[in-house]
Q: 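Quick one: structure below, then a few questions.
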Protein chains: 2
Amino acid sequence: MSADEQHHDPVAPAVAPAWAGPRRKERQPVLSRARIVAAALRLLDAEGMEALSMRKLGAEVGAAGTSLYRHVTGKDEVIELVLDEVCGELVVPAADAPGDWREAVSRSGHNLRAMTLRHPWVASVLGQVGPAHLGPNLMRMSERMLALFQTAGFPASEAAPAMRAVVSYVVGATSGEAAHLSRIARGGLSERNPRALRDEHFDYGLQRILDGLQTRLA
Amino acid sequence: MSADEQHHDPVAPAVAPAWAGPRRKERQPVLSRARIVAAALRLLDAEGMEALSMRKLGAEVGAAGTSLYRHVTGKDEVIELVLDEVCGELVVPAADAPGDWREAVSRSGHNLRAMTLRHPWVASVLGQVGPAHLGPNLMRMSERMLALFQTAGFPASEAAPAMRAVVSYVVGATSGEAAHLSRIARGGLSERNPRALRDEHFDYGLQRILDGLQTRLA
DNA sequence: CGGTCGGTGCGAACGCCGTACGCATCGTGC
DNA sequence: GCACGATGCGTACGGCGTTCGCACCGACCG
C-alpha cells in the first residue's frame, strides 16, 4: 500500500488496512468556521457550558483539537461566534409593523427568554463575558428593539434606558431559570415548578415593566 | 539531624539545614473555613473569578492547595461560601420600619447593585451557578425583601413575583455592568461611561418597575 | 509516663484543560 | 514538474481540580 493515508504513525501495524481504498473517507467538508460553530452549538446544547473543550469540539467535527486553531483564534472566539449564532434565532418585530409597541416589546422579551431557555448555556456566557464584542446578529436585534421604543414615542434620551430596562429584566429572570434548568439536566433535582407557573411569573414582571414604561408616554 | 522537619524528601541533601530551629514558623492560625473564605474573597476581589484556583487559594492562606480539602469539599463549596459571605453585606430595610415600601425596595435594589459592583465576580457566579443552595445570608435578605412587599399590601400570590421582578432586573442590569467593569480591570479598554450615567440608567429602569408595581396596589 | 489514635498538612500523581510549535501532507499556480 | 502556502495533527508545556497515602501532632487512655 502506498503510505499516503496513514501518514507516519509510530506504532502502525505493517499490514495493509483494508479500508485503504477511498483515499480519505470523505474529506469534502473538513474544517471551517461554520462547521466549528455548528459543532460547538451541538455540544453546548447537549452537555452544557463546562463540557465544551477544544479537544471534544475537535472530535465532534472529526478532527484533532489543535486543528481548530487554524480557523479560530481560541476558545473565546468560538464562544463569541456561537453566541452570535443563537442570537440569529431572535425575532423582534419591525418598528413599522402594525400593532402597538407594547405588544411588540412583549413578544421580543418572550422570544429572548425562549431562546435562552432553548440554550441554557447562554446565561453562563452572558454572566462571564457580557456581550464583549457583540456580534452582528445581536447588534441587529438590539437596533431593531431600540427602534421599537423610538417609534413608540419615547424621547431620544429615554429610548435606550427603556430598552435596557426590559432586556436587563429578561436576562436576569432567565438566568435564574436557565441555571435551574441546567441543574435539572445535569441530574440534580427534579422539576419542581411546572412550566406554566414559571411562564406566568416571567410575564408578570415583564408586564409590570411595560406598565411602568407606558406611564412615561403620557 | 533528626529527620522530623524535612519529612521524606527524595533528593534532600544529607547536610543538616540551619533553619531546623523553630519547628514550624507560627502555626497558630493555620487553616479554617473562615480563613479560607476570607482568602478567597481577597483573591476574587483582587483578580477576578478565573484567577481563583485551589492552589492559589492555598498559597493565600499560607498552605498547600491540597490542604484545603480537609476543610472544604471542593471549589464549588468555596464559591458557595464566599457568595453567601458577600451577601452578608446586603442591607434591606425591615418591613415594619417607617417609610413607604417603594423607598425601601428602591434602596434594597441599589444596595444589591452596589454590592455586586464592589465584587464584580458575583455576576459570574450568579450566571454559572444561580443560587444553587442559597446560603443563610441570601435567604435572610430574600425573606426580608418579600416581607416588604407583603406589608405593602400586595396580595399573597403577587408578592413573590413582584419581588422576583425587581431582583431579576437588578441582577440582569448589574451583570452587564459587572462584566464591563471586569473587562476594564483586566486591562482591556478604558472607562467610557462615567459612573453617574450608569447610575442614572440603572435608576431609570428600577423606578419604571416600581411604577408598574405601584399600579397593582390600586 | 508510654502508647495509640483521630485530625491535619502536604507531596505526588491522575486526568483534563487551553494553547504554541514544528512537521508532514496536500492542492494549486507557475 | 515543482515550489509554496494552507491545513491537519502529534507533541509538549504549564495549569487546573481532585485523590491518596504518608508524616506529623496533640490528646486521650492505660
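Note on naming: letters A, B, ... go to the chains in the order of the sequence lines (proteins, then strands), and numbering restarts at 1 for each one. Both backbone and side-chain heavy atoms feed into the values below; hydrogens, waters and symmetry mates do not.
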Q: Sequence neighbours left out, what passes salt bridge (charged side-chain N to carboxylate O under 4.0 Å, His left out) with B/Glu143? Give chain and number order.
A: none
Q: Give the table of side-chain donor-acceptor pairs shorter than 3.5 Å for residues 55-62 of chain B, with sequence neighbours excluded, one pair per line with atom names and distance.
A:
{"unit_1": "B/Glu60", "atom_1": "OE2", "unit_2": "B/Arg42", "atom_2": "NH1", "d": "2.6"}

Q: For A/Tyr169 versus A/Phe202, what's the shortest heavy-atom pair and its separation?
A: OH-O, 2.8 Å
Q: Test of understanding: with salt bridge (charged side-chain N to carboxylate O under 4.0 Å, His left out), list the residues that count as partners of A/Arg113, not counting sequence neighbours.
A: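 Checked A/Arg113 against salt bridge (charged side-chain N to carboxylate O under 4.0 Å, His left out); matches are A/Glu177, A/Asp199.
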Q: Sequence neighbours excluded, which residues qualify as salt bridge (charged side-chain N to carboxylate O under 4.0 Å, His left out) partners of B/Glu47?
A: none
Q: Under 4.0 Å between a Lys/Arg side-chain N and an Asp/Glu carboxylate O for B/Arg33 and B/Glu77?
A: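 Salt bridge flag = yes for B/Glu77 with B/Arg33.
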Q: For the residue pair A/Asp84 and A/Leu138, what are the closest heavy atoms and their distance?
A: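 Looks like OD1-N, 3.1 Å.
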Q: Okay, side chain of B/Asp45, backbone of B/His119: is any donor-acceptor separation there less than 3.5 Å?
A: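 Not a single qualifying donor-acceptor pair exists.
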Q: Whole-Å distance between C/dT19 C1' and A/Ile79 CD1?
A: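 Atom-to-atom, A/Ile79 to C/dT19, this comes out as 14 Å.
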Q: Below 4.0 angstrom, which residues in residues 46-57 of chain B have at least one non-hydrogen atom near DNA chain D?
A: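 B/Leu52, B/Ser53, B/Met54, B/Arg55, B/Lys56 - these, ordered by number, are the residues of the stretch whose heavy atoms sit under 4.0 Å from the strand.
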Q: Measure the distance from CD on B/Glu77 to C1' on D/dG17 and round it to the nearest whole Å.
A: 15 Å
Q: Under 4.0 Å from any atom of DNA chain C, heavy atoms only: list the residues of residues 62-74 of chain B that qualify, in numerical order.
A: B/Ala63, B/Ala64, B/Thr66, B/Ser67, B/Arg70, B/His71
